[in-house]
Number of protein chains: 2
Amino acid sequence: MKNRHRSVKVLRRGDLARLTGCNLETIRYYENIGVMPEPPRSSKNYRVYDDRHVARLCFIMRARELGFTLDEVRDLLALVDGGAQTCGEVQGLANSHLASVRAKIDDLKRIERVLSSTVAQCTGDDVPECPVIDALTEVT
Amino acid sequence: MKNRHRSVKVLRRGDLARLTGCNLETIRYYENIGVMPEPPRSSKNYRVYDDRHVARLCFIMRARELGFTLDEVRDLLALVDGGAQTCGEVQGLANSHLASVRAKIDDLKRIERVLSSTVAQCTGDDVPECPVIDALTEVT
DNA sequence: CTTGAGCCTGTACCTGCTACAGACCCTAGA
DNA sequence: TCTAGGGTCTGTAGCAGGTACAGGCTCAAG
């Protein structure tokens with residue numbers, strides 16, 4: 001009730017940041033690179049947001065959490081914005097992203113194997129001989 | 001035998017790149033950021049490398065392959081260069097790197113689980129309803 | 001009336017490279 | 001001897017995906 005006597009409370013950039021947990025500057029960055037739309041401005045040139053901006057930013061952040069690149073996010077948004085996106089199209093994007101996630105996991109697992117088996121040979125003593133250094137030095 | 005009549009064949013930047021498989025420009029970059037030493041120069045100001053540069057660059061590349069950051073590489077090199085590095089010190093660095101590798105794997109596995117279980121619900125049809133979009137849109 | 005908070009803009013910084021422009025230098029072939 | 005082509009040198013800009021700051025407005029509370 002406390003805002004009844006003046007224009008309805010609008011969301012400014014800081015509000016959007018707080019509501020979504022997004023960094024303040026990142027919001028402007030997303031606008032610059034075109035994944036967030038340019039919002040209307042108040043008379044004092046302040047950005048004015050509404051519920052749909054909140055929803056879109058949440059969408060973007062959720063997609064980023066799932067490891068989609070900003071390019072992929074743009075593709076997803078284009079499909080959604082087109083209104084005529086199909087489950088098949090979205091599934092295609094998600095599947096190719098899934099493949100790259102799995103490739104990264106495999107890479108890291110390989111690294112983990114090499115690293116842990118090497119470290120396991122360490123004595124951990126105050127001696128200069130170290131299997132890790134040997135592994136790095138070897139011209140395998 | 002073919003170089004006997006002039007000064008011993010020296011390695012230039014391109015040779016070092018070919019021998020190690022490192023990108024030409026990356027060598028200069030590593031020098032700029034201080035992980036490769038500044039090599040001596042020829043009379044015409046060309047960088048002149050030798051075996052030890054080859055060995056050091058291989059060391060760096062191998063560490064990078066194992067996912068060490070350049071900062072971590074710098075630490076490893078400092079220990080090695082110090083001459084008095086101990087197995088315990090190196091093991092410490094390797095172990096903390098290993099922990100971050102494992103953390104990344106866990107992150108990606110979580111992403112993989114969410115993504116694959118969501119995609120599995122897709123019909124893949126030409127319909128606008130899509131579980132992936134729903135998952136991204138939901139204010140969970 | 002001042003102080004602090006918020007917003008605006010542009011720009012620089014981060015990691016780990018990669019690529020390019022514009023200048024030299026050197027060697028082999030015609 | 002000239003020239004074409006490669007190599008090298010320097011500095012700088014670009015990529016992703018942000019983050020952070022300076023310098024200037026505006027606004028509300030005390």
Side-chain angles (χ1 to χ4, degrees), chain A residues 2-3 5-7 9-36 38-49 53 57 60-77 97 100-101 104 107 111, chain B residues 2-3 5-7 9-36 38-49 53 57 60-77 97 100 104 107:
Chain A
K2 55 184 171 201
N3 288 322
H5 60 293
R6 49 175 171 145
S7 64
K9 174 75 177 149
V10 294
L11 298 176
R12 292 188 302 177
R13 191 150 57 101
D15 301 316
L16 187 55
R18 265 182 300 279
L19 281 172
T20 59
C22 185
N23 180 290
L24 184 69
E25 300 293 304
T26 303
I27 295 172
R28 200 156 58 95
Y29 172 70
Y30 284 165
E31 185 182 322
N32 284 338
I33 63 166
V35 297
M36 282 292 284
E38 287 183 28
R41 300 292 184 115
S42 74
S43 57
K44 289 305 171 202
N45 202 33
Y46 287 8
R47 288 172 180 83
V48 175
Y49 297 101
H53 295 98
L57 187 48
I60 296 167
M61 291 176 74
R62 187 120 178 77
R64 294 289 300 130
E65 270 171 38
L66 289 178
F68 285 94
T69 66
L70 285 171
D71 256 7
E72 289 168 331
V73 171
R74 234 188 303 262
D75 290 344
L76 286 170
L77 288 169
H97 175 53
S100 78
V101 168
K104 271 183 214 139
D107 266 11
I111 289 170
Chain B
K2 56 183 171 205
N3 286 322
H5 60 292
R6 49 172 170 149
S7 65
K9 174 77 178 151
V10 293
L11 299 175
R12 291 190 301 179
R13 193 150 55 102
D15 302 316
L16 187 55
R18 266 184 301 278
L19 281 172
T20 59
C22 185
N23 180 290
L24 185 70
E25 299 294 303
T26 303
I27 295 172
R28 200 157 57 96
Y29 171 69
Y30 284 165
E31 184 182 323
N32 284 337
I33 63 166
V35 297
M36 281 292 283
E38 286 184 28
R41 299 293 183 115
S42 74
S43 57
K44 289 304 171 201
N45 203 32
Y46 287 8
R47 289 171 179 82
V48 175
Y49 297 102
H53 294 99
L57 186 48
I60 295 166
M61 291 176 74
R62 187 120 180 77
R64 293 289 301 131
E65 271 171 38
L66 289 179
F68 285 93
T69 65
L70 284 172
D71 256 8
E72 290 168 330
V73 171
R74 233 188 303 262
D75 290 344
L76 286 170
L77 287 170
H97 175 53
S100 79
K104 270 185 213 136
D107 265 12

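Naming convention: chains lettered A, B, ... in sequence-line order (proteins, then strands); numbering from 1 in each chain.
In terms of the side chain to side chain contact (heavy atoms under 4.5 Å, CB included) criterion, residue partners of B:D71 (sequence neighbours excluded) are, by chain and number, B:T69, B:R74. The side chain to side chain contact (heavy atoms under 4.5 Å, CB included) check on A:E25 picks up A:R13, A:N23, A:R28, with sequence neighbours excluded. Taking A:R12 as the reference, nothing meets the salt bridge (Lys or Arg N to Asp or Glu O under 4.0 Å) condition, with sequence neighbours excluded.
Rounded to a whole Å, the CD atom of B:E72 is 9 Å from the P atom of C:dG16. Distance A:Y49 OH to C:dG6 P: 16 Å, rounded to the nearest Å. One can place CG of B:N32 at 17 Å from P of C:dA19, the figure rounded to the nearest angstrom. Atom-to-atom, CD of A:E31 to P of C:dC7 comes out at 14 Å; the value is rounded to the nearest Å. B:Y29 has its OH atom 15 Å from the C1' atom of D:dT12, to the nearest Å. Rounded to an integer number of Å, the gap from A:F68 CZ to D:dG18 C1' is 20 Å. Rounded to an integer number of Å, the gap from CG of A:L24 to P of D:dG18 is 15 Å. Per the geometry, CD1 belonging to B:I33 stands 14 Å off C1' belonging to C:dT18, to the nearest Å.
For B:N23, a side-chain nitrogen or oxygen approaches OP1 or OP2 of C:dA19 to under 4.0 Å. A sub-4.0 Å separation between OP1 or OP2 of C:dC7 and a side-chain N or O of A:R47 is absent. Within the structure, a side-chain polar atom (N or O) of A:Y30 is placed less than 4.0 Å from OP1 or OP2 of D:dG18. Note on A:R74: every side-chain N or O is 4.0 Å or more away from OP1 and OP2 of D:dA16. Using a 4.0 Å cut-off, some side-chain N or O of A:R64 falls inside it from OP1 or OP2 of D:dG18. Look at B:T26 and you'll find a side-chain N or O under 4.0 angstrom from OP1 or OP2 of C:dT18.
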Review item, nucleotides 21-27 of chain D N/O atoms under 3.5 Å of protein N/O:
unit_1: D:dC21; atom_1: N4; unit_2: A:E25; atom_2: OE1; d: 3.0

What nitrogen or oxygen pairs link the protein and nucleotides 12-14 of chain C at under 3.5 Å?
none

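Counting all heavy atoms, side chain and backbone alike, B:M61 lies closest to B:C22 at SD-CB, 3.6 Å. Nearest heavy-atom pair, A:V35 versus A:L70, reported as atom, atom and distance to 0.1 Å: CG1-O, 4.3 Å. Nearest heavy atoms, A:H53 versus A:P39: NE2-CB, 4.0 Å. Among all heavy-atom pairs drawn from A:A63 and A:V73, the shortest one is CB-CG2, 3.8 Å.
Taking a cutoff of 4.0 Å between a charged side-chain nitrogen and a carboxylate oxygen, B:E31 and B:R47 qualify as a salt bridge. Using a cutoff of 4.0 Å between basic side-chain nitrogens and carboxylate oxygens, B:D15 and B:R18 are scored as salt-bridged.
You'll find that the side chain of A:R12 is closest to C:dC7, out of D:dG7, C:dC17, C:dC7.
Residue B:L57 holds its CG atom at 5.5 Å from CD1 of B:I27, rounded to the nearest 0.5 Å.
With hydrogens and angles disregarded, a donor-acceptor distance shorter than 3.5 Å links the side chain of B:T20 to the backbone of B:L16. Looking at A:R62, its side chain never comes within 3.5 Å of a backbone N or O of A:L66 through a donor-acceptor pair.
Recorded end-axis angle for the helix from C:dC1-D:dG30 to C:dA30-D:dT1 stands at 30°, based on five pairs per end and rounded to 10 degrees.
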